[in-house]
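Everything below concerns the one structure shown next.
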Amino acid sequence: MQDQRTMRCWRVKVAAVAAVSLLLSACAPLPRYTTLPVEMRPSPNFGDRRPNYVIIHHTTNDSVEQALATLTSRMREVSAHYLIGRDGRIIYLVDEQKRAWHAGDSYWGGNRDLNSSSIGIELDNNGNEPFAEAQISVLIDLLRDLTARWGIPPANIIGHGDVSPGRKVDPSAYFPWRRLAAAGLGLWCEPPYAPAPAGADDAALLAGLGYDVTRLPAAVAAFKRHWAPEDTTPALSDGQRALLQCLIGKQQAGSSSVSYQ
Ligand SMILES: [Zn+2]
């Protein structure tokens, strides 16, 4: 009886402390950014920002230790949320809710700063070799976990080279995007595709998918590295225009089925 009364008392105290701290956070002044005159009426209804993309990289290094030396050096000012070794070891480097410095100058589908809205995953790979089986298997597990927890549309798993065409080429053409797609991750279409409308413009199609087409040849090269790595010619074929149209349709269908608070 005595114990029950003590427990009840504690519960009341805990509830009171929670209520006071909620009240205090609701009354705390907001940090001021605008110089315009504003009336402060803080709302208690907010949370941390949530990532909406995953950007895949390769490190260009030969070992996890080499990559870690860069990714944890204050002088280098680069990082990622996760690094995956060739052996499938996952190293967690930056809080998922914080802005890691992995994408740099970037653009995708109207977003100018992918660092602010993405999780960055570095794969230990020198850029001239196939990706290790254990590494890809664990990457698929991590991508399933991230997309499920954050409600990230599977189509929003893209490469650094996609968001920084002409500046970055990772992950390389060895990266198994098709295998990811078979696991329900990333964006993919299998032939046959419906032909693109006659006269469909390359820049409009690539921009429709998300690419920055300021430098069109760079956007074409990035698209081919991801969706047609066997083709090293500089121009888009009719089949690739049809593929682009299929990808755009799937992307729109996938994004519209995700709901957010
Ligand atoms: Zn990168």
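Since we're looking at a predicted model, the values are computed, not measured. One-based numbering, in listed order, for ligands and for the atoms of each.
Summarising the geometry of W150 relative to I119, their closest heavy-atom pair is NE1-CD1, 4.5 Å, with the distance given to 0.1 Å. Shortest non-hydrogen contact noted between W177 and G159 is CH2-N, 3.6 Å.
Closest N/O/S atom of H160 to the Zn ion (ligand 1): ND1. Considering just the N/O/S atoms of D170, the one nearest the Zn ion (ligand 1) carries the name OD2.
With 2.8 Å as the limit, H102 does not count as an N, O or S neighbour of the Zn ion (ligand 1). When distances to the Zn ion (ligand 1) are checked against a cut-off of 2.8 Å, E122 contributes no N, O or S atom below that limit. In summary, H57 places an N/O/S atom under 2.8 Å from the Zn ion (ligand 1), meeting the contact criterion.
Judged by distance alone, the side chain of R241 and the main-chain N or O of L236 form a donor-acceptor pair under 3.5 Å.
Aromatic rings of Y174 and F131 (six-membered ring for Trp) have centroids beyond the 6.0 Å cut-off, not under it. Taking the six-membered ring where the residue is Trp, the centroids of H57 and H102 are separated by under 6.0 Å.
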